[in-house]
Amino acid sequence: MTNKKPAVWYEHLHTEKHTGARRGRIHTPHGTFETPMFMPVGTQGAVKGVGTRELKDIGSQFILSNTYHLWVRPGDELIAQAGGLHQYMGWDQAILTDSGGFQVFSLSDARKLAEEGVTFQNHVNGDKMFLSPEVAMRIQNNLGSDVMMQLDEAIPYFESYDYIKDSMQRSLRWADRAQIAHKKPDSQGLFGIVQGAGFKALRSESANGLVGMDLPGYAVGGLSVGESKLEMNRVLDFTMPLLPEDKPRYLMGVAAPDSLIDSVIRGVDMFDSVLPTRIARKGTLMTRRGRVVIKNSKYKNDFTPLDPDLSYYSANPIRTNQFGNQSQFDNPNYNPFQNLTRSYLHHLFNANEILGAQLASQHNLRYLLQFMEDMRTAIENDDLLAFRATVMEEYGYNKPNARLF
RNA sequence: GGGAGUGUAGCGAAGUCUGGCUAAACGCGACGGACUGUAACUCCGUUCCUUCGGGUUCGUAGGUUCGAAUCCUACCGCUCCCA
């Protein structure tokens, strides 16, 4: 055993007194980032509607991208020529790439699954393309992401026990192949993905198998695909304790505020989800007082801010004003979200202006990033249960028929 | 003045020849909803009134018929062409 740190490693800072929630940091070749964290999703090398400048301004740390989609277009070789994905998309912080495992699920009508790998009929021009654990590693090595995900199969939650067992075991074998195929363990960290749907024995077999491989981090997959929140918590209850405490733990595809808290309480450090940007593009804002469907006519004359409780964060607060003029943008405390009214955003959506989708996307991401900042503070103060109670109350989860994001 | 065409639900537009299966296609707009490791500015509802039994509609007024948006008569409006 050497003391040499892997490319990606977890530093533990604090354990919340009442819940055991973790407060830590993840070290990567592109910087060190605070956990628990939420990672915006930029599938095709772009967080839809939000530029890298804005991402940084609103406090993004890691962002996600996708192996399958970048492989299909523009191609991993091309991105390697460009100097890697960071360079290509102009993002100097950490990137995590999903493997294409989710596309095995979401593009299930256009692919064939076998032990060797997955044959996709790609969604752009119909070409047959073969994705194996090894190919997924080659692509991600070319992309140069900080965290790479093993190729797995994201399984529908309500499949049969036998199907889930077979699939989980195959994903486990694929993890093994991925680790062997990994060409750059010194600069990129490979995470394994625990599968097994709602079955304790299968989750356990999956987790134990992956932990035995001593990967730098572990993800829990196959959740938030239609099962209830109660179900998800039940699975996390018996799955999280199986994962090592000195490695980052990533719950894939979760963004609902109550689920974020409940998962952090169960030991999760990292989250991602398309939810904030997807619903933003369709006109739904996430706010501290619940959802705001900005297209609803009741916002037509509403001149209040989008979210009165949202603060703004800027990593580069002072802009150089090349003209020497005073403007609101020179104020380091300037909060663009405070100055935008619901009426204005309603109008932008109504008029189908692209800016509406952009602002809403930034807003929702900022909302979640601030939510995680607040949660980190609550953990540091051993105050997470009170934070949870406040959220449940303020966001209206305690109301009858509550169903927020 | 002469000739041709046309009036359908918020708007556009089918249906009229060959009357019933038409409260009336379709599109837009409007109003709701869904969305959680992104084939997604997408998808799904509702959109004459209603106490859900029904009621009142297709420029207006009459007529024919068991039955009319559809056939007949008159009137009103609009568009285009020629003078």
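Naming: A, B, ... by sequence-line order, numbering from 1 per chain. As a basis for the values below, the full set of heavy atoms in this structure was taken, side chains included, without hydrogen atoms, waters or symmetry mates. Everything quoted here is computed from the prediction, not taken from an experiment.
Not one side-chain nitrogen or oxygen of A:Ser273 sits closer than 4.0 Å to the OP1 or OP2 atom of B:U38. Contact between the side-chain N/O atoms of A:Ser106 and the OP1/OP2 oxygens of B:A39 is found at a separation under 4.0 Å. The phosphate of B:U38 has neither OP1 nor OP2 within less than 4.0 Å of any side-chain N or O from A:Gln44. Using a 4.0 Å cut-off, some side-chain N or O of A:Asn350 falls inside it from OP1 or OP2 of B:A30. For A:Arg291 and B:A34, the shortest distance from a side-chain N or O to OP1 or OP2 is below 4.0 Å.
Of all the residues in residues 142-173 of chain A, A:Asp152, A:Ala154 reach under 4.0 Å from RNA chain B with at least one non-hydrogen atom.
Using a 4.0 Å heavy-atom criterion, one finds that A:Gln358 contacts no nucleic acid atom at all.
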Report the C-alpha distance between A:Phe199 and A:Tyr161 in whole Å, list the side-chain angles of each, state the deciding distance to 0.1 Å, and finish with yes or no for ring-ring contact (aromatic ring centres under 6.0 Å, His included). CA-CA 8 Å; A:Phe199 299 104; A:Tyr161 178 88; 4.9 Å; yes
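Atom CZ of A:Arg111 is separated from atom P of B:A39 by 13 Å (rounded to the nearest Å).
Nearest-nucleotide positions on RNA chain B place A:Asn296 closer to the 5' end than the other of A:Asn296 and A:Asn352.
There is a side-chain donor-acceptor pair under 3.5 Å between A:Asn141 and A:Gln188. Between the side chains of A:His27 and A:Thr32, at least one donor N or O lies within less than 3.5 Å of an accepting N or O.
A salt bridge links A:Lys247 to A:Asp214: one of the charged nitrogens lies within less than 4.0 Å of a carboxylate oxygen. By the 4.0 Å N-to-carboxylate-O rule, A:Glu134 lies close enough to A:Arg177 to be salt-bridged with it.
A cation-pi geometry, defined here as NZ or CZ lying under 6.0 Å from the six-membered ring centre and within 45° of its normal, holds between A:Arg22 and A:Tyr10.
Taking 3.5 Å as the limit, the base of B:C41 and the side chain of A:Lys282 contain no donor-acceptor pair of atoms between them.
Taking atom P on both B:A9 and B:G19, the two are 24 Å apart, rounded to the nearest angstrom.
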